Amino acid sequence: MITPPRKTTRRKRRPVADASDSGPLLEVLDSANRPLLLMPRIEILRQGLWHKAVFLALRNMEGKIFLRKQGSAGQEARWGLSAQGQVLPEESFTEAALRNMEATLPFGPENRARLKFEKELPLRVELGQAKLLACFILSAPAGFNMEGLSSAAGFFADQEELEGLCRDMPEELDAGLLLAVRQNLLFPAR
């Protein structure tokens, strides 16, 4: 008896650029948000190509958002949302959000597990160097230990304070925070 050959499914491989010392490889996206190829992060940013990024806003029990000073090599540090970063190849926005939160916010695993993803806001906007992003709002429940945040060089701000910072000191804020405040993504409508 002849058995038919097994049908194997192969993943379609995307072209890959050489990473060398140019940072991690990230997905370059087409106009329909489909991955085209992998390129080093530094090249994607230099050329202003569409790619995925995540921004996280941590909200405390008083409804304030945690801001922290952040900047990359060669850039002046600015106030931004609680955590942010690029999405790695074949990683979901949620997986990237969790990875960036764990790398940025100094919480123990028991505290991290208590955070609640309040909402996810997928956006397709040109935002400085990020082109496609998702903004996540995280809520800390009652009794959540925020002590670790003191080492993260930041502070909590309410809606009025954030609007004032955007109005009076936009040069001190990063593009992600400006977008989130101006599009009223962080707080319920008044």
Side-chain angles (χ1 to χ4, degrees), residues 23-27 41-42 44-45 50-141 144-159 161-162 165-166 169-170 172-188:
L25 292 175
L26 302 175
E27 294 174 333
R41 177 184 176 272
I42 196 165
I44 289 174
L45 299 179
W50 285 95
H51 65 286
K52 297 184 232 177
V54 291
F55 291 85
L56 289 93
L58 176 64
R59 186 190 320 272
N60 67 10
M61 289 301 296
E62 291 82 44
K64 295 181 176 186
I65 300 292
F66 182 71
L67 305 181
R68 64 180 201 85
K69 202 108 176 191
Q70 50 203 344
S72 54
Q75 291 183 337
E76 185 179 332
R78 297 173 188 252
W79 290 105
L81 290 171
S82 311
Q84 65 187 41
Q86 275 86 24
V87 179
L88 298 176
E90 299 183 17
E91 183 178 47
S92 72
F93 279 117
T94 304
E95 291 166 337
L98 289 168
R99 179 179 49 77
N100 283 287
M101 179 187 69
E102 289 176 2
T104 307
L105 301 174
F107 298 130
E110 69 287 340
N111 257 336
R112 239 180 262 121
R114 295 181 60 215
L115 285 172
K116 177 183 157 221
F117 274 89
E118 194 174 304
K119 63 181 167 178
E120 175 183 353
L121 306 161
L123 306 167
R124 184 176 174 88
V125 294
E126 190 160 340
L127 177 64
Q129 297 170 329
K131 305 293 184 170
L132 176 69
L133 60 98
C135 182
F136 289 87
I137 311 295
L138 301 166
S139 292
F144 187 84
N145 182 358
M146 297 277 190
E147 291 174 20
L149 291 180
S150 61
S151 66
F155 67 97
F156 283 92
D158 62 23
Q159 184 172 7
E161 292 166 326
L162 279 172
L165 286 170
C166 285
M169 301 169 48
E172 295 290 324
L173 308 178
D174 79 5
L177 178 58
L178 286 169
L179 173 83
V181 173
R182 290 178 177 157
Q183 291 194 7
N184 199 28
L185 301 176
L186 303 175
F187 299 98

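Because the structure is a prediction, the values reported are computed rather than measured. Heavy-atom basis, side chains included; hydrogens, waters and symmetry copies ignored.
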Just how far is it from atom CG of D158 to atom CG of L186, taken to the nearest 0.5 Å?
12.0 Å
L67 and L173, any side-chain heavy atoms less than 4.5 Å apart
no
If I take atom CG from residue N100 and atom CG from residue L88, how far apart are they, to the nearest 0.5 angstrom?
8.0 Å
Interatomic spacing from CD in Q159 to CG in N184 - rounded to 0.5 Å
5.5 Å
Where R68 and W79 come nearest, the two heavy atoms and their spacing:
C-CE3, 3.4 Å
Flag side-chain contact, heavy atom, 4.5 Å: E90 against E95
no
Do you know the tightest heavy-atom contact between C166 and L178?
SG-CD2, 3.7 Å
Min side-chain heavy-atom separation K52-L26 under 4.5 Å
no
If you compare all heavy atoms of Q86 against all heavy atoms of E91, which two are closest, and at what distance to 0.1 Å?
O-OE1, 4.4 Å
Do L45 and H51 touch side chain to side chain, with heavy atoms closer than 4.5 Å?
yes
Evaluate the side-chain proximity of F187 to R59: yes if any heavy-atom separation is below 4.5 Å, no if none is.
yes
To check you understand the geometry: which heavy-atom pair defines the closest contact between T104 and S82, and what is its length?
CG2-O, 3.6 Å
What heavy-atom pair brings L56 and A97 nearest, and what distance separates the two atoms?
CD2-O, 3.6 Å
All heavy atoms of A57 vs all of L81, minimum pair found to be CB-CD2, 4.0 Å
So, do L177 and R78 sit near enough that their side-chain heavy atoms are less than 4.5 Å apart?
no
Answer yes or no: is there a side-chain heavy-atom contact under 4.5 Å between V87 and F93?
yes
